[in-house]
Amino acid sequence: MSGAAGGGGGSSCQGAAAAASCSSAGSSHAAAAGVGAGVAGRLPARVLEHIFSYLDLYDLMRCSLVCWHWNNILSDENSEVWRSLSGRTLSDEALRSDILCNLPTYKGKQKAFQHALSSHDCSRNVYVKKNGFTLHRNPIAQSTDGARGKIGFSEGRHAWEIWWEGPLGTVAVIGIATKRAQLQCQGYVALLGSDDQSWGWNLVDNNLLHNGEVNGNFPQCNNAPKYQCNHVSLQIGERIRVILDMDDKTLAFERGFEFLGVAFRGLPKACLFPAVSAVYGNTEVTMVYLGKPLDG
C-alpha cells in the first residue's frame, strides 16, 4: 500500500468531508451548473488562473463547483493557482526541506498543511514549529504530552506519515483518537490508547494499546526469529505510514514499502483524528498527510 495526495481541508470531520468532497463532487455539481456560468464560464484559462491565484483554499474549492471550465482549470494540481496558494500559506522551510518530498504536487502540499498537527489541539507542553508540520515537546518532567491533527475522518480511506526527529524515550505512541481523548497526563505513560477514545502503537515496545489495555504485539511475526521482529523498531528520522480505512473500520501501518499489517479492526463509526503522544524532552514529531492510500 502507498499514499497519494488527496483529501480536503477544514477543522473538523464535517469540514473535512465538505472540502474533500469538492474535488469529487465537482464533476456532477459542475455539470448541473453547465452553461449557466455565463460570461464567467467563457473567460480564457490564463485570465481565470490569474484571478484564482489570489483566492484561498475554501474559495478555490467553491470555484471548482461553478462549471466544467473552472473545474478543469483547478484540476491541474501543479498550476500557478496552487503554486501561489502554497507560497502564501506554507513556510519556506517546509517547501525547501524534505518534509513534503513524498507529495509531488502543490495542491497535495497544501492539503497536507490543512491536515497537519494542530497547534490549538495539543498539550500545553508542546507546540507546532514554524514549518507547520513538526511538533516540539518541551523538556517537562513527569508529563506525557500529545496532539491531534487538524482534521478528523468519519469516512473514506486516508494515509499519513509520522516520524520522530529525536529519541523515542520510554514511551512513543502513534495512532488515532477522538476529540474526547486526553492530550496530557502526569507521569510517563502510553497516553494514546490509555482509554476507549484512542488507539495507539507504542513504538518502543511494539505494543498495541486501546482502552488502557495491551492488545498484543505489533507487528506479528509468526515463526520468525526474534531479531526479525525487532527490526521494525523505529529509527530516528524514519517514516512510518499510517493507513486509516473508515470503510472497513481498520487501522494499519507500513514502514518504507513494507506493509506491517492491520493493527486494529472494528473501529467505531466516529470522527477519528491522527494523533501522537510523547514523553522525551525536546523530541520532535512530524506528521504529513498523504491523502487516499493506493493498493499496490
Side-chain angles (χ1 to χ4, degrees), residues 1-7 98-105 108-109 111-112 115-117 133-135 147-149 151-153 155-165 168 171-177 190 192-193 198-210 214-267 272-278 284-296:
M1 301 181 71
S2 61
D98 63 351
I99 290 177
L100 302 174
C101 66
N102 288 333
L103 294 170
T105 70
K109 299 178 197 296
K111 289 177 180 177
H115 287 77
L117 290 171
F133 295 90
T134 301
L135 185 81
R148 270 182 289 261
I151 295 176
F153 310 106
E155 59 184 14
R157 303 172 67 228
H158 307 271
W160 59 91
E161 288 181 333
I162 297 280
W163 70 96
W164 245 258
E165 299 174 272
L168 296 176
V171 183
V173 189
I174 63 176
I176 52 176
L192 197 61
S198 57
W199 297 256
W201 174 22
N202 185 358
L203 301 170
V204 176
D205 58 17
N206 287 343
N207 283 338
L208 294 177
L209 308 165
H210 174 60
V214 175
N215 287 11
N217 294 328
F218 184 85
Q220 295 182 354
C221 303
N222 295 327
N223 302 319
K226 186 175 182 180
Y227 74 88
Q228 290 186 7
C229 293
N230 291 337
H231 86 285
V232 298
S233 297
L234 185 67
Q235 303 299 314
I236 293 176
E238 188 172 37
R239 303 188 182 205
I240 295 291
R241 187 164 295 175
V242 187
I243 302 121
L244 175 64
D245 189 332
M246 291 303 295
D247 298 330
D248 286 343
K249 303 296 186 294
T250 61
L251 184 70
F253 298 93
E254 64 181 37
R255 187 185 73 163
F257 296 101
E258 178 186 7
F259 183 63
L260 302 178
V262 174
F264 294 98
R265 299 182 186 274
L267 297 174
L272 302 177
F273 293 76
V276 300
S277 67
E284 296 185 340
V285 187
T286 299
M287 186 192 99
V288 175
Y289 178 75
L290 300 173
K292 183 178 179 179
L294 302 176
D295 295 326

If I compare all heavy atoms of [X] with all of [Y], which pair ends up nearest, and what's the gap?
X: Ala116; Y: Phe133; result: CB-CD2, 4.0 Å
X: Met287; Y: His115; result: CE-O, 2.9 Å
X: Thr134; Y: Ile99; result: OG1-CD1, 4.3 Å
X: Pro293; Y: Ile243; result: CG-CG2, 3.8 Å
X: Leu192; Y: Gly175; result: CD2-N, 3.4 Å
X: Val204; Y: Leu168; result: CG2-CB, 4.0 Å

Can you tell me how far [atom2] of [Y] sits from [atom1] of [X], rounded to the nearest 0.5 angstrom?
X: Arg241; Y: Glu258; atom1: CZ; atom2: CD; result: 13.0 Å
X: Glu155; Y: Asp247; atom1: CD; atom2: CG; result: 8.0 Å
X: Arg239; Y: Thr286; atom1: CZ; atom2: OG1; result: 8.0 Å
X: Ile176; Y: Leu251; atom1: CD1; atom2: CG; result: 4.5 Å
X: Trp160; Y: Ile151; atom1: CH2; atom2: CD1; result: 12.0 Å

| field | Plane angle bin for Trp201 and Phe218 - parallel if under 30°, tilted between 30 and 60°, otherwise perpendicular | value | perpendicular
| said: Over 60° means perpendicular and under 30° means parallel, so tell me whether His158 and Tyr289 are parallel, tilted or perpendicular. | reply: tilted
| query | Do the side chains of Trp164 and Ile240 get nearer than 4.5 Å, heavy atoms only? | reply |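 Result no, sub-4.5 Å side-chain heavy-atom pair not found.
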| request: Report yes if some heavy atom in the side chain of Leu103 is under 4.5 Å from a heavy atom in the side chain of Leu290; otherwise report no. | output: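 In contact.
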| Taking the side chain from Asn215 and the backbone from Leu209, do they hold a donor-acceptor pair closer than 3.5 Å? | no
